[in-house]
**Q** 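If you scroll down you'll find the structure; I have some questions about it.
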There are 2 protein chains.
Amino acid sequence: MPGPIQSLERAAAILRLLAGGERRLGLSDVASSLGLAKGTTHGILRTLQQEGFVEQDPVSGKYQLGAELLRLGNSYLDVHELRARALVWTDDLARSSGEAAYLGVLHQQGVLIVHHVFRPDDSRQVLEVGAMQPLHCTALGKVLSAFDPVAHSEAAEAEWTALTARTLTDPALFEEELALVRARGWGADLEETWDGVASVAAPVYDRRRMPVGAVGVTGAVERVCDAEGVRSRLVAAVRDCARAVSRDLGAGRF
Amino acid sequence: MPGPIQSLERAAAILRLLAGGERRLGLSDVASSLGLAKGTTHGILRTLQQEGFVEQDPVSGKYQLGAELLRLGNSYLDVHELRARALVWTDDLARSSGEAAYLGVLHQQGVLIVHHVFRPDDSRQVLEVGAMQPLHCTALGKVLSAFDPVAHSEAAEAEWTALTARTLTDPALFEEELALVRARGWGADLEETWDGVASVAAPVYDRRRMPVGAVGVTGAVERVCDAEGVRSRLVAAVRDCARAVSRDLGAGRF
DNA sequence: ACGCCCGGTCGACATTGTCGACCCACATCA
DNA sequence: TGATGTGGGTCGACAATGTCGACCGGGCGT
């Protein structure tokens, strides 16, 4: 059976469509967006609803994602070995650096945040676990692009939107930057994603010395950088954390 | 087309199976667990993998849940209106009560946690968003069972496992408890789920005055209770929060 | 009151997923 | 080192299955 299962592909496309559109979508919207017959779309939606993957607003009849996805996404985190190993180390990283710590893995054409430790102060922060970040302008993304060949080719195909004035959008400059990241072993993002925000990240390796993710910190550029660039204390803390997680994964000492 | 789509049901069953088993499962395990032919199972798994819903360990060939589920689960939270409205109020609730605040909705035979605010101290806490809690022994679950008829019937069919010595397992006693919850408008769990831990919760209503969820706080029984039972200050805070969220949802004043 | 739009249903058709036997790689064990 | 069992993956025939487009019925705005 060489071909993938059509109905499943379509169901996945529906879920992605519902995830993309901010608000609820009607049956006809979904059907026309995907070029499917209404009857077909309805059958898939009905099954997805029965399984808890989508919910239907009883008054408007429109569809949205369902709670089962949240439950399964949580189960994904439970099984995730990299995340499990990184929990305690990223906690320490956030504490010692005084900034928010992130753990990301490559997913499709971006970085999926699988763990996020709040900056250790009492400010109100929103959890970004499950969110995606672009490859070309974040520290996590640059590190993955530099060390993981798959991420590198994904980055080449991704959209190069300029999020701030400092975002690199020229592939040649990006390659230069990646060479720098590879040479010194860590990556940075200096106001290339959000104005006033900088981040630093380093790669995490598994027992076969393959890059499997990246850890980093993000914070106000005034705190993260000094006159020389990224504060070396932060760089050291991030790299220490990455090495510790790698060692936990069995990569051995460097 | 009266029947639901078979391949989708099977795919959902596979995902749930992978979510349940703690570790990765092999193709044959999955096939035999669900009573499917290996070829069929492989086709579904391959499609799910291609769509990012499952991942395969390249060395062992075993399967586990995929990252796309985390992304979609996160998108579910983005769309969730109840959660969006409750964000700021639960934050205040945690701050004023000094305990961890939770927002839960009915999902299948349990309470799905859709929002969780850490207890406002510097202790290490794990986020429980996406986790499930039982209906019969938690404050959130009792409140939903008392006010939502669907939750009530689900509770009747759920397993009545005794998690501590104080867990209610007699349906008659549970009904009495629910009557009390309905009468006073809030529910409690005094060491019925974890020893030493108590919780208080109150229902949240939507614009049609239908119960759509519950908010509550959970903490050490010594802090939550005094000689009289649950501290009235906490009960007031929780009920205020529930009313505020309900008002935000359009339920109007009580 | 009319007509449009939308969610939902129905039945015929053939596409599509399913089944079970088969294959190959790897590891185990004698 | 060869026999052997396990486990992931493939193949091709069959018919069960999902798909399509036409068709309802209600709600809403005109």
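The sequence lines fix the lettering, A, B, ..., with proteins before strands; numbering per chain opens at 1. Just so it is clear, the values below take in all heavy atoms, side chains as well, and ignore hydrogens, waters and symmetry mates.
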**Q** Can you measure Leu45(B) atom CG to dG7(D) atom P for me and round it to whole angstrom units?
**A**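 It is 16 Å, rounded to the nearest whole Å.
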**Q** I'd like to know if the side chain of Arg24(B) reaches the main chain of Lys62(B), judged simply by a donor and an acceptor atom lying under 3.5 Å from each other, with no hydrogens or angles considered.
**A** no
**Q** Output every pair passing ring-ring contact (aromatic ring centres under 6.0 Å, His included) with a member in residues 33-61 of chain B, not counting sequence neighbours, ordered by first then second residue.
**A**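 Not a single pair qualifies under ring-ring contact (aromatic ring centres under 6.0 Å, His included).
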**Q** Using whole Å, report how far NE2 of His42(B) lies from P of dC22(C).
**A**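 Taking NE2 of His42(B) and P of dC22(C), I get 19 Å after rounding.
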**Q** Can you tell me which nucleotide in dC19(C), dG7(C), dG8(D) comes closest to the side chain of Gln56(B)?
**A** dG8(D)
**Q** Report yes if the side chains of Arg208(B) and Val59(A) come closer than 4.5 Å at any heavy-atom pair, otherwise no.
**A** yes
**Q** Please report the distance, rounded to the nearest Å, between NZ in Lys62(A) and P in dC6(C).
**A** 8 Å
**Q** Across the strands shown, which category fits Glu9(A) at heavy-atom distances under 4.0 angstrom: base, sugar-phosphate, nothing?
**A** nothing
**Q** Less than 4.0 angstrom between a side-chain N/O of Tyr63(B) and OP1 or OP2 of dG9(D), yes or no?
**A**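 The answer is yes; a side-chain N or O of Tyr63(B) sits under 4.0 Å from OP1 or OP2.
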**Q** Within the sub-3.5 Å range, which N or O atoms of nucleotides 14-17 of chain D have a protein N or O partner, and how far apart are they?
**A**
residue	atom	partner	partner atom	Å
dT17(D)	OP1	Gln6(B)	NE2	3.2

**Q** Could you pick out which residue, Gly61(B) or Leu36(A), lies toward the 5' side of DNA chain D when each is mapped onto its nearest nucleotide?
**A**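 The residue closer to the strand's 5' end, by nearest nucleotide, is Gly61(B).
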**Q** Can you check the Leu48(B) CG to dG17(C) P distance for me, whole Å?
**A**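 Nearest whole value for this atom pair: 13 Å.
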**Q** On DNA chain C, nearest-nucleotide positions of Thr41(B) versus Leu25(A): which is more 5'?
**A** Leu25(A)
**Q** Do Ser199(A) and Asp189(A) meet the criterion of a side-chain donor-acceptor pair at a distance under 3.5 Å?
**A** yes
**Q** Measure the shortest side-chain to side-chain distance between Leu65(B) and Val79(A) over non-hydrogen atoms and say whether it is less than 4.5 angstrom.
**A**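 Heavy-atom side-chain distance check fails, nothing below 4.5 Å.
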**Q** Can you find a side chain N or O atom of Ser28(A) that sits less than 4.0 Å from OP1 or OP2 on dG7(C)?
**A** yes
**Q** Between dG8(C), dT18(C), dG21(D), which nucleotide has the shortest distance from any of its atoms to the side chain of Thr40(B)?
**A** dT18(C)
**Q** Identify, with sequence neighbours excluded, every residue that meets ring-ring contact (aromatic ring centres under 6.0 Å, His included) alongside Tyr76(A).
**A**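 Only His80(A) meet the ring-ring contact (aromatic ring centres under 6.0 Å, His included) criterion with Tyr76(A).
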**Q** Could you work out which one of dC19(C), dG8(D), dG7(C) sits closest to the side chain of Leu27(A)?
**A**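 Per side-chain heavy atoms of Leu27(A), the pick is dG7(C).
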**Q** To the nearest Å, give me how far apart CD1 (Ile44(A)) and P (dG18(D)) are.
**A** 10 Å
**Q** Counting only pairs under 3.5 Å, give me each side-chain donor-acceptor contact of residues 125-136 of chain A, with atom names and distances, residues two or more places apart or in other chains.
**A**
residue	atom	partner	partner atom	Å
Gln125(A)	OE1	Arg119(A)	N	2.9
Gln125(A)	NE2	Arg119(A)	O	3.1
Gln125(A)	NE2	Ser123(A)	OG	3.3
Glu128(A)	OE2	Tyr102(A)	OH	2.9
His136(A)	NE2	Thr161(A)	O	3.0

**Q** Using rotation axes that map the C1' atoms of four end pairs onto the next four (five pairs an end), what angle separates the end axes of the helix from dT16(C)-dA15(D) to dA30(C)-dT1(D), to 10°?
**A** 0°
**Q** Rounded to whole angstroms, how far apart are CZ on Arg46(B) and P on dT16(C)?
**A** 15 Å
**Q** Tell me, with the steps shown, if Gln108(A) and Glu68(B) meet side chain to side chain donor-acceptor pair (under 3.5 Å).
**A** CA-CA 9 Å; Gln108(A) 292 167 354; Glu68(B) 184 75 358; 3.1 Å; yes
**Q** In whole angstrom, what separates Leu8(A)'s CG from dG17(C)'s C1'?
**A**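 Going from Leu8(A) (CG) to dG17(C) (C1'), I get 10 Å.
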**Q** Within the 4.5 Å heavy-atom criterion, are Arg124(A) and Val88(B) side-chain neighbours or not?
**A**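 Yes, at least one pair of side-chain atoms sits under 4.5 Å.
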**Q** Going by modelled atom types, is there a donor-acceptor pair between the base of dG9(D) and the side chain of Lys38(B) at under 3.5 Å?
**A**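 Yes, a donor-acceptor pair under 3.5 Å.
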**Q** Side-chain atoms of residues 4-11 of chain A: list all donor-acceptor pairs with protein atoms under 3.5 Å, sequence neighbours left out, distances to 0.1 Å.
**A**
residue	atom	partner	partner atom	Å
Ser7(A)	OG	Ser7(B)	OG	2.7
Glu9(A)	OE2	Gln50(B)	NE2	3.3

